[in-house]
Student: 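Mind looking over this structure? Questions follow.
Within every chain, numbering begins at 1; the chains are lettered A, B, ... in the order of the sequence lines, protein sequences first and strands thereafter. All heavy atoms count here, side chains included; hydrogens, waters and symmetry mates do not.
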Amino acid sequence: MMTPEEQNFMRKINAEEKIEPKDWMPDAYRKNVIRQMSQHAHSEVIGMQPEGNWITRAPSLRRKVVLLSKVQDEAGHGLYLYSACETLGISRAEMIEALQKGTAKYASIFNYPTLTWGDVGAIGWLVDGAAIVNQVSLQRTSYGPYARAMIRICKEESFHQRQGYEALLVLAKGSPEQKQIAQDSLNRFYWPALMMFGPHDAESAHSAKSMQWKIKRETNDDLRQKFIDQTVPQIEFLGLEHPDAAIKWNEERGHYDHGDIDWEEFYSVINGNGHCNRQRIEHHVAAHEEGAWVRDAITAYNDKKNANKVKNVA
Amino acid sequence: MMTPEEQNFMRKINAEEKIEPKDWMPDAYRKNVIRQMSQHAHSEVIGMQPEGNWITRAPSLRRKVVLLSKVQDEAGHGLYLYSACETLGISRAEMIEALQKGTAKYASIFNYPTLTWGDVGAIGWLVDGAAIVNQVSLQRTSYGPYARAMIRICKEESFHQRQGYEALLVLAKGSPEQKQIAQDSLNRFYWPALMMFGPHDAESAHSAKSMQWKIKRETNDDLRQKFIDQTVPQIEFLGLEHPDAAIKWNEERGHYDHGDIDWEEFYSVINGNGHCNRQRIEHHVAAHEEGAWVRDAITAYNDKKNANKVKNVA
Amino acid sequence: MSDAIKAATLEYATRLGDDALVLGHRISEWVSYGPFLEEDIAYANVSLDYVGRARMFYTYAAELAADGRTEDDFAYMRSDRDYHNLLLLEMPRGDFAYSQVRQLFADVYYSLVLPELVKSKDERLAAVAAKAIKETKYHVRRSRDWVHRLGEGTEESHKRTQKAVDQLWGYTHEMFDMDDTEQLLADNGIGVDVSKLRDQWHKDVSAILTEATITVPEDSWAVRGGRTGYHTENLGHMLTELQIVHRSHPGCQW
Amino acid sequence: MSDAIKAATLEYATRLGDDALVLGHRISEWVSYGPFLEEDIAYANVSLDYVGRARMFYTYAAELAADGRTEDDFAYMRSDRDYHNLLLLEMPRGDFAYSQVRQLFADVYYSLVLPELVKSKDERLAAVAAKAIKETKYHVRRSRDWVHRLGEGTEESHKRTQKAVDQLWGYTHEMFDMDDTEQLLADNGIGVDVSKLRDQWHKDVSAILTEATITVPEDSWAVRGGRTGYHTENLGHMLTELQIVHRSHPGCQW
């Protein structure tokens with residue numbers, strides 16, 4: 001039997017009313033949203049690394065500026081999501097600790113290395129592209145602060161996705177070497193981008209409850225199909241070869257049929273065999289530890305200023 | 001009145017007999033030779049930095065190997081000179097401390113930065129070239145271990161000087177950009193190389209005593225003239241412009257007349273306004289401090305092994 | 001514009017572009033390495049301001065050169081012997097105090113240079129200065145606040161800040177040097193006479209440092225050479241990263 | 001030599017050259033950064049051995065390619081997607097323990113590979129192996145002695161050594177992978193079947209680590225990709241430094 005609070009909670013959910021920070025919510029709902037939001041924030045922050053890897057080597061001033069803006073926006077998104085998540089009663093310090101200890105995850109796509117300038121474009125186009133498909137859907141998520149964060153973030157990320165695509169377009173229409181770089185980046189990031197939507201829903205541990213509570217609005221496979229469908233003409237326009245030899249329009253379904261995803265690779269990478277798993281966390285930890293004295297200085301300074309204020313008032 | 005030891009000491013000096021570690025020597029002689037030998041060792045070691053700056057960027061595998069060998073030899077020379085200097089009753093640790101504190105100097109030429117690949121050739125040709133002129137003279141220095149070190153070092157450094165010259169020759173005969181690089185390196189290192197021989201003897205604090213004790217065998221100006229004379233045809237062969245507009249053969253003297261050296265620059269650099277003064281010492285200190293745990297490990301390991309030996313014997 | 005003035009203006013715009021790009025690039029090295037997210041964002045902001053400024057100066061320089069070169073040719077195809085930025089700006093990232101102190105020195109400098117440059121008879125230089133002035137007020141405030149926090153914060157942050165000031169002081173003197181090029185431009189109301197800004201800079205910086213309990217160093221050493229391309233060993237490595245992709249694909253678009 | 005064998009041998013010689021150059025270059029980064037002079041000399045020695053080995057492999061590869069390329073084209077004009085070195089070798093310099101542990105793993109590997117390669121039906125490969133075998137005995141002894149000192153030395157050196165072993169272990173597994181290219185060559189008595197060396201390597205390394213009081217990690221993770229040019233983010237930065245001067249002056253001699 002549902003308690004009155006539970007009933008009211010489910011009434012809101014079913015009526016597409018937002019759940020706000022002060023509302024009662026089941027413990028499991030709170031935990032689920034914390035997990036999803038904090039991991040979303042961690043992904044934005046960790047994602048700064050593979051792209052940040054190319055800021056100093058960006059091959060034109062315009063690309064340098066665009067990439068700097070992108071990475072800066074990602075930091076901002078992380079910040080915004082951490083703040084929104086704090087409304088659920090967890091602190092940023094706790095979230096950061098969970099990330100660094102490995103108990104909280106980040107999008108496994110960022111365990112892949114950025115090896116060429118083309119990868120920067122591929123990330124903007126495919127990784128941000130996949131994220132946007134997911135985030136557009138999440139604009140209707142039941143937790144209010146999360147939904148509003150998604151609306152805000154989607155606006156900025158669309159711009160970056162176009163920039164990434166444009167950077168790849170220039171390569172694809174450039175010299176033979178540049179075209180090869182573009183094709184290679186597409187080949188390496190396409191399948192991992194598809195994996196960003198998560199396992200087939202039958203296999204996903206969290207899916208059922210998430211759907212019921214409208215944290216998640218569409219299935220992994222539906223979102224993935226959207227992404228696959230939108231990407232086919234984009235690849236054609238680039239004049240590149242589609243990495244999936246089995247991609248084929250299915251008139252009946254009204255969607256593209258596609259080849260099997262190598263889920264072994266997905267699990268292998270997420271479980272520690274990716275190129276950058278350790279590096280992403282070590283980098284985050286190192287920056288955090290190196291910055292400890294800075295944070296301590298701020299605290300000490302603020303304490304001194306407040307003590308002075310009190311003194312001056314007294 | 002000279003004491004019997006002083007008389008015997010001067011007799012040896014005047015008879016071109018070597019002073020060996022176990023011989024009596026005036027305190028001031030000991031200090032003078034320690035200063036000169038240790039600073040010579042420091043110079044070899046510090047000199048590894050400006051050249052080491054280009055190992056990772058050496059533009060051909062052959063040049064990479066040659067430069068690695070050169071820097072390695074310099075380390076070896078430093079080692080050899082530290083060992084020879086220890087025969088005078090000072091430890092390597094004391095010498096290193098003096099270097100890092102700034103009480104002991106190193107050749108000020110290494111306060112100059114290596115800005116281009118051409119500088120690597122220029123250092124080999126001009127800096128080693130000047131060092132060789134000095135070291136050939138020092139092969140007849142009165143302190144035995146120092147003289148023998150000079151003989152050994154000169155052999156290796158002649159090879160490196162030729163390599164440096166050859167590297168510059170390739171540039172000078174290469175593309176217009178390469179030729180410009182060679183000319184630029186010559187322009188920046190020529191005068192500082194002349195300054196390596198030290199101030200005009202009239203102005204040199206240590207010169208008189210050093211000459212009397214045959215630590216020093218020829219005057220700064222004589223050695224400098226040798227170097228200037230040998231360098232003119234070398235520059236001609238490279239097809240480069242001589243940096244000294246006033247260079248002119250003097251039939252009467254049998255030497256090249258030359259323009260005035262900017263001693264203000266010499267003193268300015270040696271007194272702290274060079275590009276790399278602080279960096280050279282900071283680098284040395286940082287490597288030393290970072291290596292402390294390694295040296296501690298060696299000591300601890302040796303102690304354990306010796307303790308075991310004693311145990312096994314007992 | 002006379003040939004002499006044109007040549008001098010081209011050199012001047014290039015120098016100002018080099019300054020801005022080198023500093024902007026150095027600052028960008030902090031992204032994802034900052035002590036907390038807000039700083040990654042703030043540093044990225046400042047970096048964008050300076051790189052944006054560089055683009056404006058280089059674009060003007062390219063027009064003056066009128067030899068087919070673009071802003072990217074200026075940034076990516078010149079060797080470090082041809083870069084004419086101030087040495088202070090190419091010094092490494094160092095620790096957080098080191099970067100903030102260098103930033104303070106540079107920001108206060110530009111807070112004095114730009115109000116002069118905005119009066120330039122050269123409309124293009126004046127326009128760039130006009131855009132940059134707004135940012136610079138923010139930059140100075142930010143740097144000043146940071147040096148206060150770090151100077152007065154903890155014993156460790158104070159030590160690091162004092163050390164940074166002592167290590168960087170000698171690189172600040174050349175910021176106020178004038179050579180023939182800049183003298184010609186100053187005489188013609190085009191460029192800034194930076195030699196006249198030294199005292200104010202010293203006054204402004206000293207006030208901030210002193211309030212932050214940092215000792216202002218003596219003027220006992222000075223390293224110079226940036227304006228003639230006589231760099232420290234830092235720039236070569238920076239340009240290596242900056243230029244590698246562009247140089248590896250000669251003539252390509254990005 | 002059949003076309004297939006020739007192509008495979010070219011690829012193989014290139015891989016072995018890439019291995020040697022990448023490792024030699026990494027080691028060279030220690031020069032003037034070592035804990036004392038004798039180590040600068042020793043590391044330079046090892047670096048020279050590996051770079052020298054790279055030159056021999058690349059020279060042979062260039063002959064097989066017969067397309068006008070030289071050893072320098074192989075080293076300086078290929079992108080990192082075309083480099084086929086083992087990932088272990090491109091990992092950063094790290095601290096002294098990290099470098100020595102990586103060196104141990106690599107040296108023991110070559111102490112097993114080279115005695116097989118010296119039997120190669122390909123005389124050139126066999127000749128390179130013959131030269132390299134002598135050095136490798138010295139390398140293994142040196143690495144082993146260092147890992148002993150560091151493992152057993154102090155608590156700090158032990159901790160750093162264990163950490164290095166734990167961090168690098170996952171990169172060692174791909175050293176024993178065989179692909180079609182290497183299988184074809186092994187089947188024809190030209191290349192080494194490295195899959196057969198895994199157990200001995202594990203035995204040799206475990207003995208050294210255990211004697212050094214270091215715990216041998218479980219085989220719980222593995223990163224692979226070197227032989228197909230699927231690198232870590234380290235190689236790009238290394239090649240940036242390595243190639244910048246050469247690439248900035250296309251077609252020039254040095």
Student: Hey, does C:L48 have a side-chain heavy atom less than 4.5 Å from the side chain of A:S69?
Tutor: yes
Student: May I ask you to name which of A:A300, A:G52, A:A297, A:A58 has the most heavy-atom pairs under 4.5 Å with chain C?
Tutor: A:A297
Student: Do C:H249 and A:S175 get their side chains close enough for a donor-acceptor pair, meaning under 3.5 Å?
Tutor: no
Student: At a heavy-atom separation under 4.5 Å, does C:Y43 approach chain A through its side chain, its backbone, both, or neither?
Tutor: neither
Student: Of all the residues in residues 111-124 of chain A, which have a heavy atom that comes within less than 4.5 Å of a heavy atom in chain C?
Tutor: A:W117
Student: Given A:R92 and C:E38, is the salt bridge (Lys or Arg N to Asp or Glu O under 4.0 Å) satisfied, shown in steps?
Tutor: CA-CA 13 Å; A:R92 199 200 306 183; C:E38 287 84 345; 2.5 Å; yes
Student: Report the distance from atom CG of C:L37 to atom CG of A:L79, rounding to the nearest 0.5 Å.
Tutor: 5.5 Å
Student: When rounded to the nearest 0.5 angstrom, what is the spacing between CZ in C:F36 and CD1 in A:I96?
Tutor: 11.0 Å
Student: Using non-hydrogen atoms only, which part of C:I244 is less than 4.5 Å away from chain A: side chain, backbone, both, or neither?
Tutor: side chain
Student: Is the NZ atom of C:K137 crowded by more than 12 outside heavy atoms at less than 6.0 Å?
Tutor: no
Student: Looking at C:E71 and A:R62, does any basic side-chain N land under 4.0 Å from a carboxylate oxygen?
Tutor: no
Student: Using non-hydrogen atoms and a 4.5 Å limit, figure out which bit of A:L61 sits close to chain C: side chain, backbone, both or neither.
Tutor: both
Student: Against chain A, label C:H148 side chain, backbone, both or neither, depending on which of its atoms sit under 4.5 Å from a heavy atom there.
Tutor: both
Student: Within this structure, what is the CG-CD1 distance for the pair A:D73 and C:I41, rounded to the nearest 0.5 Å?
Tutor: 8.5 Å
Student: Hey, does the side chain of A:K304 reach the backbone of C:E152 with a donor-acceptor pair shorter than 3.5 angstrom?
Tutor: yes
Student: Is it the case that atom CD in A:E282 sees more than 12 heavy atoms from other parts of the structure closer than 6.0 Å?
Tutor: yes
Student: Could you tell me whether A:Q234 atom CD has more than 12 heavy atoms of other residues or ligands within 6.0 Å of it?
Tutor: yes
Student: If you tally heavy-atom pairs under 4.5 Å against chain A, which of C:T240, C:L21, C:L242, C:T70 wins?
Tutor: C:L242
Student: Are A:L171 and C:W254 packed together at the side-chain level, in the sense that at least one heavy-atom pair is separated by less than 4.5 angstrom?
Tutor: yes
Student: Any idea which of A:A287, A:A292, A:G291, A:G174 has the most non-hydrogen atom pairs under 4.5 angstrom with chain C?
Tutor: A:A287
Student: Does any backbone or side-chain atom of A:I181 lie under 4.5 Å from a heavy atom of chain C? Answer side chain, backbone, both or neither.
Tutor: side chain
Student: Between CD of C:Q243 and OG1 of A:T56, what distance do you get to the nearest 0.5 Å?
Tutor: 12.0 Å
Student: Do C:E156 and A:D296 pass the side chain to side chain contact (heavy atoms under 4.5 Å, CB included) test, and can you show the C-alpha distance, the side-chain angles, and the key distance before you say yes or no?
Tutor: CA-CA 9 Å; C:E156 167 150 28; A:D296 291 345; over 6 Å; no
Student: Does NZ in A:K173 sit with more than 12 non-hydrogen atoms of other residues, nucleotides or ligands closer than 6.0 Å?
Tutor: yes
Student: Quick one: of A:H284, A:H283, A:E289, A:R295, who has the most non-hydrogen atom pairs under 4.5 Å with chain C?
Tutor: A:H283
Student: Among the options C:A75, C:S157, C:S32, pick out the one with the most heavy-atom pairs lying under 4.5 Å from chain A.
Tutor: C:S32
Student: I need the residue from C:R55, C:H246, C:E29 with the largest number of non-hydrogen atom pairs under 4.5 Å to chain A.
Tutor: C:R55
Student: Would you say the side chain of A:Q178 lies within less than 4.5 Å of the side chain of C:Q253, judging by non-hydrogen atoms?
Tutor: no
Student: State whether the number of non-hydrogen atoms from other residues, nucleotides or ligands found under 6.0 Å of C:E63 atom CD is greater than 12.
Tutor: yes
Student: What part of C:R247 gets closer than 4.5 Å to chain A, counting heavy atoms only: side chain, backbone, both or neither?
Tutor: neither
Student: So for C:A97, is it side chain, backbone, both, or neither that comes closer than 4.5 Å to the heavy atoms of chain A?
Tutor: both
Student: Please look at A:R63 and chain C and tell me whether the side chain, the backbone, both or neither of the residue comes under 4.5 angstrom of a heavy atom of that chain.
Tutor: side chain
Student: Relative to chain A, which segment of C:Y33 carries a heavy atom at a distance below 4.5 Å: side chain, backbone, both, or neither?
Tutor: both
Student: Measure the CG-CD distance between C:D40 and A:Q72 for me, rounded to the nearest 0.5 Å.
Tutor: 10.0 Å
Student: Using the salt bridge (Lys or Arg N to Asp or Glu O under 4.0 Å) criterion, which residues pair with A:E44? Sequence neighbours excluded.
Tutor: none
Student: Look up atom CG in A:L68 and atom NE2 in C:H25, then write down how far apart they are to the nearest 0.5 Å.
Tutor: 10.0 Å
Student: Measure A:V71 against the heavy atoms of chain C and call it side chain, backbone, both or neither at under 4.5 Å.
Tutor: side chain
Student: Looking at side-chain heavy atoms only, is the closest gap between A:V294 and C:D95 below 4.5 Å?
Tutor: no
Student: Got a sec: does the CZ of C:R124 have more than 12 other heavy atoms crowding it under 6.0 Å?
Tutor: yes
Student: For A:E290, is it the side chain, the backbone, both or neither that has a heavy atom under 4.5 Å from a heavy atom of chain C?
Tutor: neither
Student: Less than 4.5 Å to any heavy atom of chain C: does that hold for the side chain of A:K305, its backbone, both, or neither?
Tutor: side chain
